[in-house]
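As a basis for the values below, the full set of heavy atoms in this structure was taken, side chains included, without hydrogen atoms, waters or symmetry mates. To find a chain, count down the sequence lines: A is the first, B the second, and so on, and within it residues start at 1. In this text the structure is predicted, and so the values were computed from the model without any measurement.
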Amino acid sequence: MSSIQINNVTKRFGDFTAVEDLSLDIQEGEFVALLGPSGCGKTTTMNMIAGLEDISEGSILFDGQDLSSTRIQDRNIGFVFQNYAIFTHLSVYKNLSYGLEVKKIDKSAIDSRVRAMADRMSITHRLDQKASSLSVNEMQKLAIGRSAIVEPRIFLLDEPLSNLDASFRAYMRTELKVLQHELGQTMIYVTHDQIEAMSLADKIAIIDEGKLMQYGSPLDIYNSPNNRFVAHFIGSPRMNLIDGELRQEADQLKLIISGGAEIALQGQIKSDFTSDGRVHSGSFGIRPQDIYFGDKRSSSDIEMKGTVDVLERVGPKRIAHLQVSETSFIAFDDQDQLKLGDEVPFYLASDKSMAFDVASGRRLGVI
Amino acid sequence: MNSLELKNVFKTYPEFTLGPINLEIKQGEFFGIFGPPSTGKTSILKLILGLIHPDEGQVIINDQDAKDLGVSERGMSMVFQNLALFPHMSGRENIIFPLKERGATDREMEQQLNLVSDVLHISHILHKNPAQMSGGERQRIALGRAFAADSRAMLLDEPIAALDARLREEMRVELKRLQRENNQTFVYVSHDEEEVMAVSDRLAVVIGGKIAQVGVPDDVYSRPNSIAVAEVIGSPPMNLFQGEFSKKGNFFEAENFDARLALKGQSKHKGSATLGIRPEDIWLVEDGEGTDFELSIISVEPLGGYTILNAYLGEKIVKIRAPGQVNVMAGSKQKVSFDPRRIHLFDDDGERL
Amino acid sequence: MTDTIKQPENSPANLKKQGYWAGVARDGQKMGFWFILPTLLLLLFIVVFPLFMQLYLSVTWWTPLEGIPWYRAWEVFSWGDNYVYQFTDERVRGAIWRTILIMIVAVPAQFFLGLSLAYLFMDNFPGRKFFYSLMLTPMMIVPAVVGLMFYLLFQGTGPVNAHLGLPSTFSWLTDVNRAMISIIIADVWQWTPLMFLILLAGMLGVPTDQLLAARLLGGSNWQNFLKIILPRMKAVIMIALVLRAVECFKIFDLIYIMTKGGPGVQTETISVFLYKMTFGEFEWSYVAALGLTILFVLSVIAAKGLAYIAKKDV
């Protein structure tokens with residue numbers, strides 16, 4: 001079980017910089033998610049940790065040790081590929097025992113460890129079958145078991161749940177979390193699904209275009225996003241982000257959104273926006289659960305009017321898309337009252353609103 | 001008028017039998033088909049399109065039996081699961097292909113192309129070949145090709161499965177908007193329950209080759225008519241407990257409950273049954289309010305807007321969906337309660353009581 | 001659900017029969033047939049017809065020296081006599097033995113050489129494309145020219161002896177034992193590239209991430225080779241071996257030019273023997289019978305090999 005320090009790591013492929021000056025500190029036994037959209041550099045980062053790619057600049061230390069000169073087969077790093085890469089020509093048993101066989105461990109020891117792991121992963125009944133005959137879900141378990149059995153110093157998982165069907169994904173999320181706890185393994189998990197990252201990880205590193213956007217616990221990131229990208233990426237359903245021009249009219253600070261509609265900024269959000277005199281294009285952020293209907297609850301809350309454009313049922317809740325000129329706000333229809341085409345007033349809770357600078361993406365009003 | 005109808009359709013496969021399938025899809029409806037993988041959902045689409053023929057039953061398109069209609073005569077577009085893009089053509093050529101085949105003018109083709117590329121954000125990759133595109137880009141080109149054809153009906157087989165989670169959420173809103181604006185009939189297959197529930201006007205749940213339930217998402221969600229449906233609808237899915245009614249019918253005893261569940265004269269049923277309760281209908285309580293049970297928390301999934309708790313009730317795993325952010329640690333014990341009116345009861349055959 | 005009068009065309013049983021065309025409309029199938037027809041006709045004339053001719057001749061005593069045209073060969077019917085004689089003919093026995101000798105020495109040699117070379121070529125290295133083309137040249141050369149090359153090389157006064165410091169009296173091609181060795185060396189030189197080609201293709205077909213996974217699990221290059229690469233190449237290895245083994249029966253140009261089958265009959269393999277019988281002694285009906293027997297034997301070997309491959313699904 002190892003701690004990992006990623007120090008100012010950069011990776012270039014010719015002219016293209018895949019990862020830029022990335023630094024992360026991962027503690028022993030932590031479950032860290034590398035989260036970001038496709039192509040952001042998260043898989044490249046993981047490949048560098050595994051040694052499958054070399055580092056252009058910077059260093060990666062394992063418990064303080066630099067492994068860049070160690071051969072891949074001697075690094076003892078567990079890796080679960082996105083498509084599992086199980087040995088399809090071998091039986092399930094042989095897949096599990098591979099890592100132990102190459103270490104020349106004696107047969108009876110191998111046998112007991114294989115059976116224990118198969119039991120742990122609930123695939124004992126498949127031990128003698130060919131690995132290619134397994135279902136996708138079972139292959140996933142086999143891939144994890146195969147890597148876990150050699151007790152690697154760290155565990156790297158490359159989007160391991162993306163090939164699974166939705167219901168099994170939810171089940172495996174729980175399993176993985178429990179497994180990680182039991183094994184006490186340091187796990188690094190690459191994904192583009194923020195729900196997965198939020199539910200599994202102790203810490204999330206959000207990466208966009210090769211740069212680290214934010215690194216913290218799921219709730220820290222959710223409650224306090226550093227920048228617009230993070231605010232948009234985390235949260236289900238996603239945060240409403242309205243871009244527009246700031247205009248001062250008499251005593252009023254307004255955000256003019258495309259199509260002409262205005263948001264009259266009040267209270268905390270107003271002072272957040274004005275705190276930085278350089279900002280002219282601002283982004284207003286508010287989570288769907290902080291939009292409400294009915295009566296205004298606080299004087300600093302912002303009043304808007306919109307038309308119900310789309311109604312979605314997401315789980316137990318109904319989500320309404322409210323069209324305001326050319327932008328859309330998503331909000332929860334808790335009372336199940338709205339119908340398509342309704343023109344309704346709604347309120348934005350000012351104290352829960354966030355302000356961002358469009359140009360840099362930086363969050364405003366945070367000390 | 002029914003745009004599409006499947007009457008008593010059967011199709012035999014080596015592993016299972018698909019059928020009986022009875023579906024009525026109205027014109028302009030966004031109809032979802034949901035079910036676990038490999039249970040015949042794609043086959044239903046292929047039957048509608050005409051790629052395969054039913055062993056029994058009829059496929060009726062606009063009140064006409066489609067038996068003699070070839071695939072190209074049915075006025076439908078399909079987005080395939082494996083996309084089936086023409087590898088030797090650029091994105092642009094792929095999209096305008098159906099229009100070219102139908103003899104559209106250059107201006108019409110440009111118009112459709114622009115319309116479609118704007119919505120799907122693919123203008124910048126139109127010149128590339130499929131081999132040079134990412135999975136998500138390819139998927140959007142395939143969507144573009146089907147949309148550009150502007151057919152009466154669109155059949156979509158997991159059309160956005162290859163996209164990133166975030167992009168999927170945005171795309172499904174766009175798809176719904178497109179469908180409404182063009183007033184097309186959409187038949188949308190997906191194994192992602194949340195996706196299908198969010199976009200469909202009505203949906204059919206297909207389990208084991210049979211239709212388990214058809215209805216509007218609200219109904220299917222709040223009144224699943226069988227255990228099979230209850231198990232697949234809802235993320236996380238419904239918690240199910242096997243148990244028995246007491247002799248007078250006012251208590252329910254499940255194998256793992258420590259206490260008996262007072263039903264307060266709710267049920268007039270006897271014997272054994274399965275009780276279901278959705279994760280969001282269970283809430284955390286402080287001591288001593290009404291019916292409560294003690295659970296030991298296995299893990300906590302903080303998702304920001306809500307939190308999912310996995311807990312043991314005896315030996316069974318129970319999932320709870322709590323609003324907002326809760327201060328609960330894994331390994332702790334928590335008391336929970338639920339509203340007896342929100343329970344679902346199923347008999348031994350799995351049917352709703 | 002229960003009563004269907006005839007098997008619907010898309011039922012599982014019919015799908016299996018249709019194979020490749022399963023599920024596609026019937027017109028597709030018809031069109032396919034018309035596309036195949038020209039080739040079928042060609043095969044008919046080039047293969048099937050001559051085969052029957054050969055069968056016909058093999059059960060007669062006919063030779064072109066008889067003075068009657070071949071289609072009247074029935075006049076000298078011999079039934080199975082030719083076939084029986086094959087087994088007692090000392091010369092045939094010897095030829096077959098020598099052919100098999102070449103097979104059991106040359107084929108494994110080519111195989112291991114080809115395998116090692118293929119392994120070297122698995123990963124990219126500078127100049128890989130260049131060396132790859134270089135590797136393939138031996139097999140591109142006309143066998144007769146290869147024969148001539150080695151004929152000159154193995155001369156008593158030739159470069160081989162000079163480099164090995166052997167006297168010019170040390171003969172290769174005319175020595176009773178060493179003639180065979182020279183032939184085998186030439187054959188291995190010419191055909192290792194083919195083995196290399198086939199085996200490399202097989203190796204590259206091994207999924208890279210499985211190899212990576214094996215490496216990450218701690219497997220060394222050698223361990224991964226034995227446990228992952230080789231097992232997955234079973235079908236390809238079988239193809240390569242069967243191909244070359246069957247080809248051994250056909251080696252002609254090389255031997256004829258280097259030693260003419262000599263000294264005496266020391267390097268006379270079955271092909272050389274058949275040639276001499278045909279154009280030297282004009283025993284055409286005997287050759288027909290012998291040819292068919294060999295065809296039969298080789299077909300059995302190839303069929304067994306193919307059956308093995310067909311069963312392999314990794």
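Interface remark: of the candidates B/Glu231, B/Glu193, B/Arg321, B/Arg321 forms the most heavy-atom pairs closer than 4.5 Å to chain A. Between chain A and the residues B/Leu303, B/Leu167, B/Ile233, the most heavy-atom pairs under 4.5 angstrom are made by B/Leu303. The candidate from A/Gly315, A/Pro237, A/Pro218, A/Ala201 with the greatest count of non-hydrogen atom pairs under 4.5 Å with chain B is A/Gly315. The most heavy-atom pairs under 4.5 Å with chain B, out of A/Ala197, A/Ala170, A/Ser38, come from A/Ser38.
For a residue to count as touching a neighbouring chain, one of its non-hydrogen atoms must lie under 4.5 Å from one of that chain's; by this rule A/Leu311 touches chain B with the backbone only. Using a 4.5 Å cut-off between heavy atoms, A/Leu200 does not touch chain B at all. Heavy atoms closer than 4.5 Å to chain B are found in the side chain of A/Ser328, but not in its backbone. For a residue to count as touching a neighbouring chain, one of its non-hydrogen atoms must lie under 4.5 Å from one of that chain's; by this rule A/Leu340 touches chain B with the side chain only. Proximity to chain A (any heavy atom under 4.5 Å) is shown, for B/Pro236, by neither the backbone nor the side chain. Interface remark: B/Arg278 contributes no atoms to any contact with chain A (heavy atom separation under 4.5 Å). Residue B/Ser299 touches chain A through its side chain alone, counting heavy-atom pairs closer than 4.5 Å. Of the atoms belonging to B/Asp281, not a single heavy atom falls under 4.5 Å from chain A. Contact annotation for B/Glu170: only side-chain heavy atoms (C-beta onward) come within less than 4.5 Å of a heavy atom of chain A. Looking at A/His181, neither its backbone nor its side chain comes within 4.5 Å of chain B, counting heavy atoms on both sides.
A/Glu312 places none of its side-chain heavy atoms less than 4.5 Å from the side chain of B/Lys176. A 4.5 Å side-chain heavy-atom check between B/Val216 and A/Arg313 finds every atom pair outside the cut-off. Proximity of A/Val314 to B/Glu194: side-chain heavy atoms (C-beta onward) are separated by under 4.5 Å at one or more points.
When atom types are taken as modelled, the side chain of B/Arg177 and the backbone of A/Asp309 share no donor-acceptor pair closer than 3.5 angstrom. The main-chain N or O of B/Val300 is found under 3.5 Å from a side-chain atom of A/Lys177 such that the two form a donor-acceptor pair. Looking only at distances, no side-chain donor or acceptor of B/Asp164 sits under 3.5 Å from a matching main-chain atom of A/Pro37. Formation of a donor-acceptor pair under 3.5 Å by the A/Tyr222 side chain with backbone atoms of B/Gly305 is found in this model.
When all heavy atoms are compared, the tightest approach of B/Val173 to A/His321 is CG2-CE1, 3.5 Å. The heavy-atom pair separating B/Glu280 from A/Pro316 by the smallest distance is OE2-CB, 3.2 Å.
Counting heavy atoms of neighbouring residues, nucleotides and ligands inside a 6.0 Å radius, atom CZ of B/Phe16 exceeds 12 of them. Other residues, nucleotides and ligands contribute only 12 or fewer heavy atoms inside 6.0 Å of the CD atom of A/Glu209. Within a 6.0 Å radius of CG in B/Asn327, other residues, nucleotides and ligands contribute 12 heavy atoms or fewer.
In this structure, the separation between NE2 on A/His232 and CZ on B/Arg166 is 6.0 Å, given to the nearest 0.5 Å. Taken to the nearest 0.5 Å, the CD1 atom of B/Ile298 stands 8.0 Å off from the OG1 atom of A/Thr174. Here CG of A/Leu219 is found 6.5 Å from OG1 of B/Thr307. Values are rounded to the nearest 0.5 Å.
Contact check on A/Arg238 versus B/Glu169 returns no salt bridge, with no Lys/Arg side-chain nitrogen under 4.0 Å from an Asp/Glu carboxylate oxygen.
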